[in-house]
Protein chains: 2
Amino acid sequence: MRLTSFTDYGLRVLMRMAGTPDRAFTAADLAAEFRISRNHLAKVISALAAAGLLETRRGGGGGAMLARAPKDIRLGDVVAVLEADQALVECFASDTNTCTLTPHCRLKARLAHAGAAFVADLNRSTLADCVYRPEST
Amino acid sequence: MRLTSFTDYGLRVLMRMAGTPDRAFTAADLAAEFRISRNHLAKVISALAAAGLLETRRGGGGGAMLARAPKDIRLGDVVAVLEADQALVECFASDTNTCTLTPHCRLKARLAHAGAAFVADLNRSTLADCVYRPEST
DNA sequence: CCTGATTTGGTATTTACAATGCGTATTACT
DNA sequence: AGTAATACGCATTGTAAATACCAAATCAGG
């Protein structure tokens with residue numbers, strides 16, 4: 001059971017931004033602070049913006065900031081958005097599925113239910129519960 | 001959010017065996033039926049046997065069969081065993097973790113809790129709920 | 001007590017895909 | 001204009017899962 005680093009990074013970004021609201025973070029800033037790839041992080045930020053979680057502004061002095069208050073951002077929703085294209089097991093990707101028991105399988109629905117339980121459990125917390133404050137404040 | 005095919009195959013094996021109890025399945029039999037790698041499947045079977053879910057017998061006429069009644073095998077436990085070496089996110093693998101917010105991160109515990117919720121939800125079902133019967137019975 | 005069938009375990013190879021890098025276009029502030 | 005940033009497509013890399021291969025241990029049956 002694994003989440004992609006894409007999702008991992010997305011959560012880090014949100015936690016960090018919640019720690020210093022009203023600041024516009026550039027992808028370069030965050031990449032340096034986290035010591036990860038700037039390019040990859042830029043895509044994560046794009047995805048978060050596309051999901052309506054961040055507001056971005058181009059050009060000089062631009063960057064990204066939270067689109068809503070941390071308490072209005074539920075963690076499960078974030079994970080669900082960032083993991084949207086991940087199939088829990090093979091048979092969830094109907095176009096590439098080769099499982100021979102697919103038509104009669106009684107497991108798939110239960111796995112889907114468990115995945116929903118995972119998200120629901122995370123949704124008991126909001127970003128406000130996971131604010132990250134940098135070293136020097 | 002993804003499970004490995006290792007786990008996926010393990011679940012298929014158990015469901016199939018529950019459909020025809022008292023039969024000893026060889027790795028080759030199951031691999032042919034599922035149209036997957038025989039060698040890979042052999043390791044899955046090994047892992048299931050090591051976890052006490054299967055009894056295996058070597059030699060001519062050997063094979064594997066369920067060690068317990070299907071109703072006594074909980075799906076969440078199976079997944080937990082087969083996914084044991086999978087880190088949900090980077091910081092769960094403490095030896096290779098590079099996340100700069102690790103000491104102060106308030107997310108990790110919540111992710112772990114959600115992972116447990118996933119397993120617990122699956123544990124509401126047993127293998128008896130997911131028996132797979134082959135085409136011709 | 002062989003012989004063939006099967007599991008078991010280790011290692012090596014292949015492959016798939018996430019992760020990363022990079023170049024260009026686009027947008028916007030100064 | 002010039003500069004600073006996002007946005008986007010494509011190429012490349014790296015890593016881990018998936019697979020293949022091989023040797024050894026084990027057991028049933030003649």
Side-chain angles (χ1 to χ4, degrees), chain A residues 1-10 12-13 17 23-32 34-51 53-65 67 82-90 93 95-99, chain B residues 1-10 12-13 17 23-32 34-51 53-65 67 82-90 92-93 95-96 98-99:
Chain A
M1 189 174 177
R2 244 179 100 194
L3 303 181
T4 61
S5 73
F6 193 86
T7 300
D8 191 359
Y9 293 168
R12 295 185 200 178
V13 165
M17 285 184 176
R23 169 179 165 192
F25 289 85
T26 75
D29 286 344
L30 288 171
F34 294 159
R35 298 202 196 93
I36 57 178
S37 156
R38 182 199 166 285
N39 298 288
H40 198 210
L41 193 56
K43 293 179 191 182
V44 174
I45 292 174
S46 279
L48 291 171
L53 293 166
L54 297 183
E55 301 279 3
T56 61
R57 259 182 49 191
R58 299 184 176 189
M65 50 177 35
L82 294 176
E83 294 278 313
D85 56 353
Q86 290 291 320
L88 188 55
V89 291
E90 182 188 358
D95 52 338
T96 57
N97 181 30
T98 65
C99 178
Chain B
M1 189 174 181
R2 244 178 97 193
L3 303 182
T4 62
S5 72
F6 193 86
T7 299
D8 191 359
Y9 294 166
R12 295 184 200 178
V13 165
M17 285 183 175
R23 169 179 165 191
F25 290 84
T26 76
D29 287 344
L30 288 171
F34 295 159
R35 299 204 194 93
I36 58 178
S37 157
R38 181 200 166 283
N39 299 288
H40 196 212
L41 193 57
K43 295 184 186 178
V44 174
I45 292 173
S46 278
L48 290 171
L53 293 166
L54 297 184
E55 302 279 3
T56 62
R57 256 182 53 190
R58 299 184 177 190
M65 49 178 33
L82 296 176
E83 294 278 314
D85 57 353
Q86 289 291 320
L88 189 56
V89 291
E90 183 187 356
F92 281 72
D95 53 337
T96 58
T98 65
C99 180

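We name chains A, B, ... by the order of the sequence lines, and we start the count at 1 in each one.
Between A:N39 atom CG and D:dA5 atom P there is a gap of 15 Å when expressed in whole angstrom units. In this structure, CZ of B:F25 is placed 13 Å from P of C:dT7, rounded to the nearest angstrom. In this structure, CE of A:M65 is placed 14 Å from P of D:dA5, rounded to the nearest angstrom. Between the NE2 atom of B:H40 and the P atom of D:dC21 there is a distance of 15 Å, given to the nearest Å. With rounding to whole Å, A:L82 atom CG is found 14 Å from C:dA18 atom P. For B:R2 and D:dT15, the CZ to P distance is 17 Å, given to the nearest whole Å. Here the P atom of nucleotide D:dT19 and the CG atom of B:L41 are 10 Å apart, to the nearest Å. For B:L3 and D:dA18, the CG to P distance is 11 Å, given to the nearest whole Å.
Each of A:K43 and A:S46 was assigned the nucleotide of DNA chain D with the nearest heavy atom; the assignment lying further toward the 5' end belongs to A:S46. Both A:F6 and B:A42 sit near DNA chain C, but only B:A42 has its closest nucleotide nearer the 5' end.
Taking only side-chain nitrogens and oxygens, B:Q86 comes nearer than 4.0 Å to OP1 or OP2 of D:dA17. Phosphate proximity of D:dT19 to B:Y9: present, with a side-chain N or O under 4.0 Å from OP1 or OP2. At the phosphate of D:dA17, neither OP1 nor OP2 sits under 4.0 Å from any side-chain N or O atom of B:T4.
Using a 4.0 Å heavy-atom criterion, one finds that B:A27 contacts the sugar-phosphate atoms exclusively. The residue B:A28 sits apart from the nucleic acid: no heavy atom pair falls under 4.0 Å.
Here the side chains of A:L82 and A:L48 are in contact, with some heavy-atom distance below 4.5 Å. The closest side-chain heavy-atom distance from B:F34 to B:V13 is below 4.5 Å. Between A:L53 and A:M17 there is no side-chain heavy-atom pair separated by less than 4.5 Å.
The side chain of A:S37 approaches C:dG21 more closely than any other nucleotide in the set C:dT7, C:dG21, C:dT8. Side-chain proximity of A:R58 to the nucleotides C:dC29, C:dT20, D:dT6 is greatest for D:dT6. Comparing C:dC29, D:dA18, C:dA18 by their nearest atom to the side chain of A:R57 picks out C:dC29. Relative to the side chain of A:T56, the nucleotides D:dT6, C:dA19, D:dT19 differ in distance, and D:dT6 lies closest.
For the 3.5 Å distance criterion, the side chains of B:T98 and B:E90 qualify, holding a donor opposite an acceptor.
Heavy atoms only, all atoms of each residue included: A:Y9 and A:H40 are closest at CE1-ND1, 3.6 Å.
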